[in-house]
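A quick write-up on the structure given underneath.
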Amino acid sequence: PTMVVPVSSLSCSSSCSPCPPVVQLPLSGLRLERITSGHRPDIRKALLGLFPWSKKKASASASDPQQVHISLSGEKHMRITWVTDDNSVPSVVDYGTKSNAYTSSSNGESTSYSYLMYSSGKIHHVVIGPLEDNTIYYYRCGGRGSEFQLKTPPSQFPLSLAVVGDLGQTSWTTSTLNHIKQCEYDMLLLPGDLSYADYMQHLWDSFGELVEPLASTRPWMVTQGNHEKERIPFFKSGFQSYNARWKMPYEESGSTSNLYYSFEVAGVHVIMLGSYTDYDESSDQYAWLKSDLANIDRKRTPWLVVLLHVPWYNSNWAHQGEGDSMMSAMEPLLHAAHVDIIISGHVHAYERTERVYKGGVNPCGAVHITIGDGGNREGLARRYHNPKPLWSVFREASFGHGELKIINSTHAHWTWHRNDDEEPVRTDDVWITSLAGSQCVQDSSSPEFRKILMSP
């Protein structure tokens with residue numbers, strides 16, 4: 001049966017969590033007019049095209065790789081992920097350091113999922129390696145189709161990281177990706193809200209196609225946001241699509257959940273936390289985080305960076321207070337471990353703080369950066385609280401991306417680039433000194449750190 005949804009019903013009472021698919025539709029780009037007998041077929045066709053069981057665009061061949069993206073998978077290894085419409089395609093990647101001359105091959109695993117009336121293609125995950133650092137590799141997925149190439153990150157400083165949050169699939173997204181494409185970077189970090197599919201599964205496919213030109217060449221390391229939930233009470237558990245499509249190295253880092261994990265690159269230890277899974281002191285995530293922090297060697301990785309979706313320090317009107325409970329549980333632990341930088345999204349604007357702890361400026365606290373301005377369809381969060389808090393250094397509601405260039409064990413250069421400008425223009429620009437090179441740092445045997453680690 002066909003249902004016409006009145007314009008008045010296309011709304012959602014929640015400004016944070018996505019609504020069920022029948023209620024919440026991506027309205028940007030869809031012109032809604034008064035439904036008359038003359039307009040009804042066009043409106044009906046437009047609305048039906050947005051439902052989650054819509055068929056994805058067919059590829060040139062059902063066995064050709066689609067939506068290719070890569071991510072780190074432990075030391076000197078890379079996970080290659082792609083989708084095929086043909087379920088008989090093997091999960092195999094051939095690769096080498098010369099084009100069309102593959103000297104190695106790796107087999108992997110595959111999965112698929114169904115969501116309402118949508119059925120995904122075959123989702124392949126293949127880990128390749130060991131790989132040389134800072135080296136270009138050519139690879140082919142499934143034994144056929146186009147050749148791709150990737151560049152592995154360096155094992156030593158300098159290291160360049162592109163950072164973007166709340167990406168979506170709009171013209172603003174395209175502008176952000178075009179800006180990122182112009183910069184030299186080794187890896188991309190994304191603190192949640194990827195596709196904005198919000199139950200409409202074909203939008204996961206179109207997102208994979210959109211980011212493939214970048215995500216197939218450099219590792220994309222992501223964590224989840226509220227738009228990845230897609231939970232239907234009593235029917236579908238959360239994060240099914242996200243977990244199937246964007247597998248991160250959680251097992252390699254001792255985690256039991258794809259929603260939180262860690263990895264090391266060059267001299268940086270990066271922790272990805274889950275804002276939408278349990279995080280209190282009795283949770284599995286908290287126990288894993290304590291263990292992960294206890295095993296960090298700041299001589300090996302002098303930089304400690306954390307990503308999560310919901311910001312803890314936020315002077316924007318949007319999403320005020322949503323991160324308070326997670327901050328209450330985890331900020332003391334991260335502060336005791338001397339985290340350098342905490343990056344979040346969720347608020348569709350940019351903000352950078354001083355080093356902060358317990359709501360105030362603290363020279364031994366972390367620098368917090370909110371960068372939920374990648375291009376989402378919900379638009380920008382333009383209202384800020386005034387006067388500006390003492391801990392807030394720079395804030396602006398514009399679409400853009402960030403670049404974190406870690407020069408050595410003590411100094412990093414952070415820049416934020418507004419989409420309205422040319423990519424080389426730096427709207428916000430600051431040098432950050434690692435706490436590992438300061439008097440703040442104490443080793444893991446310090447009283448504060450030991451007290452937290454020993455707590456039940």
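Throughout, residue positions are numbered sequentially from 1 according to the sequence presented. This is a predicted model, so every value here is computed, not measured.
Remark: R426 engages D429 in a salt bridge, criterion side-chain N to carboxylate O under 4.0 Å. Salt-bridge check for R298 with D340: passed, with a basic side-chain N closer than 4.0 Å to an acidic carboxylate O. Ion pair K181/E423 not flagged as a salt bridge, since none of the NZ, NE, NH1 or NH2 atoms sits closer than 4.0 Å to an Asp/Glu carboxylate oxygen. By the 4.0 Å N-to-carboxylate-O rule, R218 lies too far from D186 to be salt-bridged with it. E396 has a carboxylate O that lies under 4.0 Å from a charged side-chain N of R418, or vice versa, which qualifies the two as a salt bridge.
Not a single side-chain contact (heavy atoms from CB on, under 4.5 Å) links Q156 to another residue, sequence neighbours left out. Annotation: ring pair (Phe, Tyr, Trp, His ring centres under 6.0 Å) contacts of W288 (sequence neighbours excluded): Y260. Every side-chain contact (heavy atoms from CB on, under 4.5 Å) that T433 has, sequence neighbours left out, goes to H411.
Exactly one of Q66, K122, H124 qualifies for a side chain to side chain donor-acceptor pair (under 3.5 Å) with T84. That residue is H124.
The local environment of CD in Q182 is crowded, with over 12 non-hydrogen atoms from other residues, nucleotides or ligands closer than 6.0 Å. Sparse packing is recorded around NZ of K358, with 12 or fewer heavy atoms of other residues, nucleotides or ligands lying under 6.0 Å away.
Screening residues 304-351 for disulfide bond (SG atoms under 2.5 Å apart) gives no qualifying pairs among residues at least two apart or on separate chains. Applying the disulfide bond (SG atoms under 2.5 Å apart) test to residues at least two apart or on different chains, none of the pairs has a partner in residues 156-214. Sorted by first then second residue, the disulfide bond (SG atoms under 2.5 Å apart) pairs that include residues 297-383, not counting sequence neighbours, are C364-C440.
Using the six-membered ring where Trp is involved, H319 and H346 have ring planes that are parallel, under 30° apart on the 30 and 60° scheme. Relative ring orientation between F207 and W204 is described as perpendicular, the plane-to-plane angle rising above 60° on a 0-90° scale split at 30° and 60°. The aromatic rings of Y276 and H309 lie tilted to each other, with the angle between the two planes from 30° to 60°.
A side-chain donor from one of Y350 and D428 sits under 3.5 Å from a side-chain acceptor of the other. Side-chain contact, T170 with T173: a donor N or O sits under 3.5 Å from an acceptor N or O. Between the side chains of D205 and Y118, a donor-acceptor pair is found at a separation under 3.5 Å. For Q169 and S195, the side-chain atoms include no donor-acceptor pair closer than 3.5 Å. R245 and Q67 share a donor-acceptor pair across their side chains, judged by distance under 3.5 Å alone. With no hydrogens or angles considered, no side-chain donor-acceptor pair links H125 and E109 at under 3.5 Å. Under the 3.5 Å distance criterion, with hydrogens and angles disregarded, a donor-acceptor pair is assigned to the side chains of Q201 and Y113. In the model, E230 has a side-chain atom that pairs as donor or acceptor with a side-chain atom of S241 under 3.5 Å. Side-chain contact, K247 with N258: no donor N or O sits under 3.5 Å from an acceptor N or O. A donor and an acceptor atom, one from each side chain of S325 and Y279, are located under 3.5 Å apart.
Taking CG of L189 as the reference point, atom CH2 of W220 lies at 11.0 Å (rounded to 0.5 Å).
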**Request:** Could you walk me through whether S160 and E403 pass side-chain hydrogen bond (donor to acceptor under 3.5 Å, both in side chains), step by step?
**Result:** CA-CA 7 Å; S160 182; E403 297 174 24; 5.5 Å; no
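Between H417 and H179, the distance separating the two ring centers is not shorter than 6.0 angstrom. Under the 6.0 Å cut-off for aromatic ring centres, H385 and W317 qualify, their centroids lying closer than that. Aromatic rings of H401 and W416 (six-membered ring for Trp) have centroids beyond the 6.0 Å cut-off, not under it.
Looking at D193, its side chain does come within 3.5 Å of a backbone N or O of H227 through a donor-acceptor pair.
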